[in-house]
Participant: 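Below is a structure I'd like to ask you about.
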Amino acid sequence: MSRNNEIQNILKWFVSRLIIIAAFLFLLNFIYSRYFFDADIKKFSRVKPNIEDAFKNAEIVYLGESSNTSFNPWTDTLSQSISDFIQLYLPDSSITAITHEGYHPGLFRQMLNLIPSDKSKRKVKTIILGVNMRTCGPSAIFSGNEASNQREALFYSQRPPLLSRIFMGLHFYDSRVESERTRMKFQWWRTQPINKESFSNLKYNTAFEWITELDKLYGDSIPEEIKYMASAYVKEFAFVLDENNQRIQDLKSIVDYCNQKNLKLLFHILPPNRFHASMLFSYYEEGLIKMGNSLTQIMDYNYQFLMKEFTKWGVPVIDNYKLESASGENKGARFTDQWYPTEHYDAVIRRDIAESISAFLLGVDKESSEFFLKKKNVDFKLKQNNFPNWEIEMPLSHDNIYQWVRALTN
Amino acid sequence: MLFNALEFWIFLPVVWLLYFSLPGKIRWVWLLCASYFFYGFWKIEFAGLMLITSIMDWYSAKRVYASEKIIWKRFWMWFAISTDLFILFIFKYFDFALGKSDLAYSLYHNNSTAWIIELGKYTIPAGISFYTFQSISYVVDVYRGDEVPEKNPIKFMLFVSFFPQLVAGPIERFGRLHQQLFQKYSPKLEDLKNGGRLLLYGLFLKVAVADNLAGIVDTFYANPDNYSISSAWLATLLFTFQVYYDFFGYSLLAQGAALLFGIKLMDNFNKPFIAQSVPEFWHRWHISLSTWFRDYIFIPVGGNKKGTTRLAFGVILVFFTSGLWHGANSTMIYFGLSQGVLYLFDRFILKKTFANFKIGIFFRQLKTGFFFMMTLVFFRSQSIDQSTGIYSMLFDINGKHAKTASETIVTTYNFDEAGKAISSNYGPKVLENLSAEFAIWLFLLIGFLLDHLIMKSRADSWFASLPVLIRWVIYLFMLVAVLLFGGAVNHPFVYFQF
């Protein structure tokens, strides 16, 4: 048989099989959508129905991570999440939250794909997105949960269901294994510069240098919890934001998408535990603790960068970065996690954040008399079923940190 | 790029189409570019590493061949072997060897060396052991006068990097593969059909069988103490099938992909679970590695012609090296050594003791499979502590698990609880409904039946002999299994990390 004949045979064979397989896939998509898709959603993307429901039936959708629902079992006499509190202030609007530990702007962007294109089939008008600074850092970007998150997000799409299933089975998503992500995280800490000319007192060029130095500095006299805590704060906050940061690009993409869909978008910046961050790197002098700025100046730089970007994009921002109830003197005690940096707040901070968002949505000043009446009304509702005590604080880390600073500088 | 990733199924047809669109003389250049792209897709640095190994070995082999004095021949051969092993050591064993020493600390805190430690600790260059061994065999073959060295270094680079067998074998010999890579070849429909069958069959075994089993096994190994004895036995048994179908599936995919280019790779497996003894098992399991060890270690140290002591030494050396080859972890060394001990036990004690007893073939097969399954506990465990914990659990050595054993036979409930308890990284959420996951068990059964009960030929040849309608029913069944029931979690090929 000549070469040309063989090639013709191959072509015939190939095209006929391709047609059979294409027809089969078409049929399979129908069968899969009808009989298997819902079961797969329950197994692999359980939140999807809630997201769809939120966009269809709620006027305001609150997107966030664990900060929304971070109930503090030690101190909270109230269990309301930030979005629950907002609902109390805005009883005439329907508000639904899509929040979960480890969620981030990249996932939120994919969730927005589930908003029905047909305006008559959706009720959502406003999206509130909590911006957590740490989500832009290496610990969150290279989190071990990311493959699982991305697998869930495969189903946040309008593509034919079979295609999503194929993408999952053949790992057509960011499915890098945990060890590779860990390597990338260490590489980031080791290589990404954290020093800026504008920073004062910062001796280190990378987070890795800083952590290494901490090891030497602490010696054996410092409690293990404090060592671990300081190292964790450096790992979580010692990074410098720029436009190439993946999360910044995701946030920009959310802004573009909402503009395109005519949705009102609102960012609110979550307060980090700035008090503990400054305490950990402070020094003791003549009987006084001097607050340190080696880490907080990086945090402040990133905050300013976020504000600058958000202003440039024209997106309204509620600035809670230095919220008094979370950042003021000794306010680190209002955070649920005392030995690790998280944005898990007690009810005081959650309510405070909710007030700033609600006031913005109502178009009134948070300190105005009009809003004061709202507050009274909410107080009344809260007292109907609870006996809130707003004074309880976490007593754990303050004394330890003070002792440590004294020990270090003496 | 992995064979079970969608990117590969776009890459393969594109490479194939362009390959046959190009003039015959330069096709190999395209194949080389494609192979380096395939490998560099993970990390470009890895491709650089392979390039260094290729060039060093090409040059050394050339010098081996050109040298007239035996001492120089030996020098260049050992030069190649030691540089290859040095690179392998640095990127695969360095971190393990250093442990938590001061040297490890100072190297990690030096920017120029830290990246090597990071790679060794978290991301070993894919398939580095495979291509290193393949390249070493070339230099030794030239030294022995079995092969004439390749004059063109670029052509030699293709021998080392040919993408279908690059990351997990089969470890081919120069004499077999090199000639095929440069032969004059026109595409043949028969090769295309056979290659396609191998690809589908391999993908079915990997994605539908092995990946689904991996979810169950990983769940158990993430927290073995939570489970009953029966669950431990089930996980141990399923891991045996997982590792087999994972690697067998990979080998079929490699053979299928190579066949599309007219290249026949060697069989890496030959129904290992019908082996009646441990020595026979190793003639049927990972054949390319077993024969490599036979030719380049076992025979040079004496083989089986210099008495029992020498043979025993050779066997233990081979299995120790094999264990080390599998991974930079003490568990792998134990895996290798335990195989070596069982090999000798089976050959010298069991065989002689029961020489006059007529034991059924099935029981001998069962015994061999059982031995292998037991040693795989080392293979799968993260540490020796975990291995010993699982062995004591399997045989209930400390009596701790006796109660749960009577309470819980192997039910899916145990795994279900684990699915909820552990991070979703470790196991697919499918575990939560394992009892409903009839498909997993069905695929395993079909995989085993196809592989071990259709004895005369391999399943893909058997498919070809069936009437067209039945054949297509099987193909479409496999396609559905891959597309609708493929494992949800990304489990890179088990052997990919070696």
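Chain identifiers are assigned alphabetically (A, B, ...) following the order of the sequence lines, protein sequences preceding nucleic acid strands; residue numbering begins at 1 within each chain. These values consider heavy atoms only, across backbone and side chains, with no hydrogens, waters or symmetry-generated copies.
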Participant: Looking at every non-hydrogen atom in both residues, tell me the closest pair between B/V207 and A/G169 and how far apart they are.
Facilitator: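 It is CG1-O, 4.1 Å.
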Participant: B/F8 versus chain A, heavy atoms under 4.5 Å apart: side chain, backbone, both or neither?
Facilitator: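 Contact with chain A: none, neither part.
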Participant: Side chain, backbone, both or neither: which part of A/I20 has an atom under 4.5 Å from a heavy atom of chain B?
Facilitator: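 Only the side chain of A/I20 comes within 4.5 Å of chain B.
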Participant: So how far is it from A/L170 CG to B/I10 CD1, rounded to the nearest 0.5 Å?
Facilitator: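 With rounding to 0.5 Å, CG (A/L170) is 10.0 Å from CD1 (B/I10).
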Participant: Let's test your reading of the structure: which of A/R176, A/R17, A/E209 forms the most heavy-atom pairs below 4.5 Å with chain B?
Facilitator: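 With the most close heavy-atom pairs to chain B, the winner is A/R17.
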Participant: Quick one: what part of A/L162 sits under 4.5 Å from any heavy atom of chain B, side chain, backbone, both or neither?
Facilitator: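 Answer is side chain: those atoms of A/L162 sit under 4.5 Å from chain B.
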Participant: Can you tell whether the side chains of B/K43 and A/E180 come within less than 4.0 Å, N to carboxylate O?
Facilitator: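 A salt bridge links B/K43 with A/E180.
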Participant: For each of A/M184, A/M168, A/R183, A/R181, tally heavy-atom pairs with chain B at distances under 4.5 Å, and name the one with the top tally.
Facilitator: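 Maximum pair count with chain B is reached by A/R183.
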Participant: Could you tell me if the side chain of A/I166 sits less than 4.5 Å from the side chain of B/V482, heavy atoms only?
Facilitator: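 No - every pair of side-chain heavy atoms lies 4.5 Å or more apart.
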Participant: Which residues from residues 186-193 of chain A are near chain B, with near meaning under 4.5 Å between non-hydrogen atoms?
Facilitator: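 Residues of residues 186-193 of chain A touching chain B at under 4.5 Å: A/F186, A/Q187, A/R190.
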Participant: Among residues at least two apart in sequence or on other chains, which ones pass side-chain hydrogen bond (donor to acceptor under 3.5 Å, both in side chains) with A/S294?
Facilitator: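 In terms of side-chain hydrogen bond (donor to acceptor under 3.5 Å, both in side chains), with neighbours along the sequence ignored, A/S294 is linked to no residue.
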Participant: Sequence neighbours excluded, which residues qualify as ring-ring contact (aromatic ring centres under 6.0 Å, His included) partners of A/F199?
Facilitator: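 By the ring-ring contact (aromatic ring centres under 6.0 Å, His included) rule, A/F199 matches A/Y301.
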Participant: Under 4.5 Å, heavy atom to heavy atom: which of residues 469-480 of chain B reach chain A? Give them by number, or say none.
Facilitator: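 Hits under 4.5 Å: B/W472, B/L476, B/L479, B/V480.
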Participant: What part of A/F14 gets closer than 4.5 Å to chain B, counting heavy atoms only: side chain, backbone, both or neither?
Facilitator: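 Neither part; nothing is under 4.5 Å.
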Participant: Any side-chain heavy-atom pair from A/W13 and B/K193 closer than 4.5 angstrom?
Facilitator: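 Contact flag for A/W13/B/K193 side chains = yes.
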Participant: So does B/L484 get a backbone contact from the side chain of A/R165, meaning a donor-acceptor N/O pair under 3.5 Å?
Facilitator: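 Yes.
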